[in-house]
Asker: 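The following block contains the structure, expressed as structure tokens.
Because only heavy atoms are used, hydrogens play no part in the values below, and waters and symmetry mates are left out as well, while side chains stay in. We number each residue from 1, following the sequence as shown. Just so we're clear, the structure is a prediction, and the values are computed from it rather than from any experiment.
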Amino acid sequence: MAEIADRIEVQPEVHHGKPVIAGTRVLVHMVLGLLGKGVAIEDILTDYYDHLTREDVLACIRYASSVIEDEEVYARRA
């Protein structure tokens, strides 16, 4: 197991090493997908993942932000 960000970890044997919330099998991208669909944090915690905390959801957002911040994008010329 490797913690790659606050509350976010990867384990090769869990979901093929995709980032999950630490101590769970909840994929970061699943939480982000719900947020992207407009699901409120409170609804994520009550309707989808009642074992998570608000801080877990916020950690997913922080992790995604850090990945995008470090991403290098190159424009393609047509």
Side-chain angles (χ1 to χ4, degrees):
M1 170 190 53
E3 186 172 293
I4 58 174
D6 179 44
R7 295 181 179 265
I8 307 299
E9 64 187 19
V10 293
Q11 300 177 45
E13 67 280 359
V14 176
H15 294 297
H16 306 287
K18 292 193 176 281
V20 298
I21 296 171
T24 76
R25 296 178 60 86
V26 178
L27 290 158
V28 169
H29 80 83
M30 297 297 289
V31 174
L32 294 172
L34 290 169
L35 290 167
K37 291 178 182 176
V39 179
I41 292 175
E42 293 75 21
D43 293 335
I44 292 172
L45 300 177
T46 58
D47 298 342
Y48 294 89
Y49 302 110
D50 63 353
H51 58 290
L52 297 183
T53 66
R54 178 176 180 78
E55 192 57 37
D56 291 329
V57 175
L58 295 176
C60 291
I61 296 169
R62 287 192 303 272
Y63 171 69
S65 176
S66 71
V67 169
I68 296 301
E69 182 179 336
D70 293 339
E71 180 180 42
E72 291 186 29
V73 178
Y74 301 94
R76 289 183 57 191
R77 296 182 190 253

Asker: Once side chain to side chain contact (heavy atoms under 4.5 Å, CB included) is applied, do any residues pair with Asp43, and if so which ones, sequence neighbours excluded?
Answerer: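 Here the qualifying residues are Val39, Ala40, Thr46, Asp47.
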Asker: Pairs of donor and acceptor atoms involving the side chains of residues 15-29, under 3.5 Å and at least two apart or interchain, shall be tabulated with distances.
Answerer:
residue: His15; atom: NE2; partner: Arg25; partner atom: O; Å: 2.9
residue: Thr24; atom: OG1; partner: Ile21; partner atom: O; Å: 2.7
residue: Thr24; atom: OG1; partner: Val26; partner atom: N; Å: 3.0

Asker: Residues two or more places apart in sequence or in another chain: which of them pass salt bridge (charged side-chain N to carboxylate O under 4.0 Å, His left out) with Arg54?
Answerer: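 Salt bridge (charged side-chain N to carboxylate O under 4.0 Å, His left out) check on Arg54 returns Glu42.
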Asker: Side chains of Ile61 and Leu58: does their closest heavy-atom pair fall under 4.5 Å?
Answerer: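 In contact.
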Asker: Could you give the distance from CG (Leu52) to CD1 (Ile44), rounded to the nearest 0.5 Å?
Answerer: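 So the gap between those two atoms works out to 9.0 Å.
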Asker: Sequence neighbours excluded and cut-off under 3.5 Å, please list the side-chain donor-acceptor pairs for residues 63-78, or say none.
Answerer:
residue: Ser66; atom: OG; partner: Tyr63; partner atom: O; Å: 2.8
residue: Glu72; atom: OE1; partner: Tyr74; partner atom: OH; Å: 2.4

Asker: Are the side chains of Met30 and Tyr48 in contact, using a 4.5 Å heavy-atom criterion?
Answerer: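 No, side chains not in contact.
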Asker: State which residues pass salt bridge (charged side-chain N to carboxylate O under 4.0 Å, His left out) with Asp6; sequence neighbours excluded, sorted by chain then number.
Answerer: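 Partners of Asp6 by the salt bridge (charged side-chain N to carboxylate O under 4.0 Å, His left out) criterion, ordered by chain and then number, come out as Arg62.
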